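Worksheet for the structure shown next.
Model, not experiment: these values are computed from the prediction. All ligand and atom numbering here is 1-based and tracks the order in the structure.
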Amino acid sequence: MSEYDMEDIAQALVATSKGILAADESTGTIKKRFDSVNAESTESSRRDYREMLMASSGFADYISGIILYDETLRQKSADGRPLAEVISSQGVIPGIKVDTGAKPLAFAEGELVTEGLDGLRERLAEYHQLGARFAKWRGVISIGNGGPSSYCIDANAHALARYAALCQEANIVPIVEPEVLMDGTHTIDECYAVTETTLKSVFDQLYEHRVVLEQMLLKPNMVISGKDCPDQAGIDEVAAKTIYCFEQTVPAAVPGIVFLSGGQSEQQATEHMNAINQMGSHPWEISYSFGRALQASALTAWGGKVDNVPAAQAAFNHRAKLTSAARDGAYDAKMETVA
Ligand code: 13P
């Protein structure tokens, strides 16, 4: 018998008023984020930045779980405690990104497939020992140049399902993340079509791989216009098309859908999630697993300087509070300006 139930973990991650903080940027990605605010990226600056978020007063009020990168799960706080313990002692659940990135897919110009299955069983056993109770794997699908191909969609869906099955075998809740990218000039209807096809393929593969739907979470993109599409869909259209797409494709047994923000601004991601949650009750909980849309203001306020820590923590708390309100459908844009 295990000491906890994966269904309980999945449900705790989507508890009312709470969602997930994605702080699992790879070393390359976090360097780009730090570069953008002129902060140096070193092992200790990465630790200081992430520890600062975990030490924010509102962290445990609005955050149910935090996704870490391998390096962070192994790090200790400035006072010598493993960061996984700093997190779990606040009642927040530590998670881990386990894919090793998206690589070019053979014979499919411009398309990617996510790698990381080799040795995953052994890595999951170690991550479990280090305290991780859920995991994440991101597949990337892009629209444009005639794509995506069904070859790319199915290859990514297959890898996501193999990963999810290995996680459940290791008593770790898998977050299954097929991301249809916002980059491009495509319309919201093109995003809808690709997202629907992708989710159908993902759930077919999850079924084939015997994944228990009650013990996983889905982390999808919203159905949204491409970033460079001249005709940008409004908030209500995004909410309606996103929900309709999930109704067609996501089984009711899945306990929760946790969105990625995917390059939306903090306010845009919050407004969309609020509108989606205001659309009535759904078979699944709908919450967040945001990276940039929870961290952007805090990162800018921090800028790598210790003196800025209080301002950065205030910025993080404010954003997390608004995102939490949106998760409950109780956000109002007026809240943006009230500290
Ligand atoms: P964004 O919210 O910045 O898209 O990050 C979420 C994430 O975890 C992507 O894999």
Side-chain angles (χ1 to χ4, degrees), residues 13-14 18-34 36-37 49-50 53 62-73 93-103 112-116 132 134-142 156 159-160 163-164 167 173-184 191 195 198 202 216-224 226-227 238 242 256-274 276 286-300 316 319-320 322-324 326-327:
L13 288 169
V14 290
K18 290 189 183 183
I20 297 168
L21 169 63
D24 61 323
E25 300 85 359
S26 64
T27 309
T29 301
I30 199 77
K31 183 177 181 323
K32 280 191 221 146
R33 302 273 149 81
F34 280 18
S36 74
V37 297
Y49 169 71
R50 286 159 170 158
L53 299 178
Y62 310 121
I63 304 299
S64 56
I66 173 168
I67 317 175
L68 305 173
Y69 186 57
D70 180 277
E71 174 186 89
T72 321
L73 185 62
I93 305 170
I96 180 78
K97 183 231 296 290
V98 302
D99 68 67
T100 55
K103 307 283 160 56
L112 302 172
V113 65
T114 301
E115 296 189 347
F134 71 101
K136 177 190 115 172
W137 177 293
R138 172 174 174 258
V140 185
I141 309 293
S142 53
N156 277 289
L160 275 163
Y163 139 82
C167 284
V173 170
I175 294 188
V176 172
E177 181 180 3
E179 176 175 6
V180 177
L181 295 178
M182 271 176 79
D183 301 324
C191 177
T195 304
T198 301
V202 166
M216 62 160 276
L217 296 174
L218 177 71
K219 177 163 172 169
N221 53 285
M222 297 176 189
V223 173
I224 195 169
K227 239 187 249 168
V238 168
T242 299
I257 294 174
V258 290
F259 286 111
L260 57 92
S261 58
Q264 298 179 65
S265 71
E266 290 175 320
Q267 185 167 347
Q268 193 186 20
T270 309
E271 283 174 342
H272 285 148
M273 203 177 48
N274 187 57
I276 289 165
I286 296 187
S287 186
Y288 47 94
S289 177
F290 290 168
R292 286 162 286 181
L294 275 170
Q295 295 183 56
S297 296
L299 181 68
T300 305
F316 177 74
R319 195 70 242 159
L322 268 49
T323 311
S324 157
R327 183 254 172 273

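Ligand-side atoms of ligand 1 in range of G262: 1 (P), 2 (O), 4 (O), range being under 4.0 angstrom from any heavy atom. Atoms of ligand 1 found under 4.0 Å from any heavy atom of R138, numbered from 1 in the order shown, are 9 (C), 10 (O). Listed by number with element, the atoms of ligand 1 under 4.0 angstrom from any heavy atom of S289 are 6 (C). Ligand-side atoms of ligand 1 in range of G291: 1 (P), 2 (O), 3 (O), 5 (O), 6 (C), range being under 4.0 angstrom from any heavy atom. If you number the atoms of ligand 1 from 1 as listed, the ones under 4.0 Å from a heavy atom of F290 come out as 2 (O). Atoms of ligand 1 found under 4.0 Å from any heavy atom of E177 (numbered from 1 in listed order, with element): 7 (C), 9 (C), 10 (O). Annotation for ligand 1: atoms under 4.0 Å from non-hydrogen atoms of S261 are 1 (P), 2 (O), 3 (O), 4 (O).
Donor-acceptor pairing under 3.5 Å is recorded for the side chains of Y49 and Q295. When only modelled atom types and interatomic distance are considered, T195 and N221 share a side-chain donor-acceptor pair under 3.5 Å. Side-chain atoms of E71 and T27 form no donor-acceptor pair, as typed in the model, at a separation below 3.5 Å.
Using a 4.0 Å cut-off between heavy atoms, A269 makes no contact with ligand 1 at all.
With S261 contributing its side chain and Q264 its backbone, the two residues share no donor-acceptor pair below 3.5 Å. With N156 contributing its side chain and T114 its backbone, the two residues share a donor-acceptor pair below 3.5 Å.
Any N or O atom pair closer than 3.5 Å counts here, and E179 shares no such pair with ligand 1. Polar contact check, A293 against ligand 1: no nitrogen or oxygen pair lies under 3.5 Å apart.
For atom 10 (O) of ligand 1, the closest non-hydrogen atom on the protein side is K136 NZ, 2.5 Å. Among all non-hydrogen protein atoms, the one lying nearest atom 7 (C) of ligand 1 is K219 NZ, 3.2 Å.
Within the 4.5 Å cutoff, the side chain of V258 has heavy atoms near those of the V14 side chain.
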Could you go through the side chain to side chain contact (heavy atoms under 4.5 Å, CB included) check for L294 and I63 one step at a time? CA-CA 10 Å; L294 275 170; I63 304 299; 4.2 Å; yes

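When each of E179, E25, E115 is paired with R138, the salt bridge (Lys or Arg N to Asp or Glu O under 4.0 Å) condition holds for E179 and for no other.
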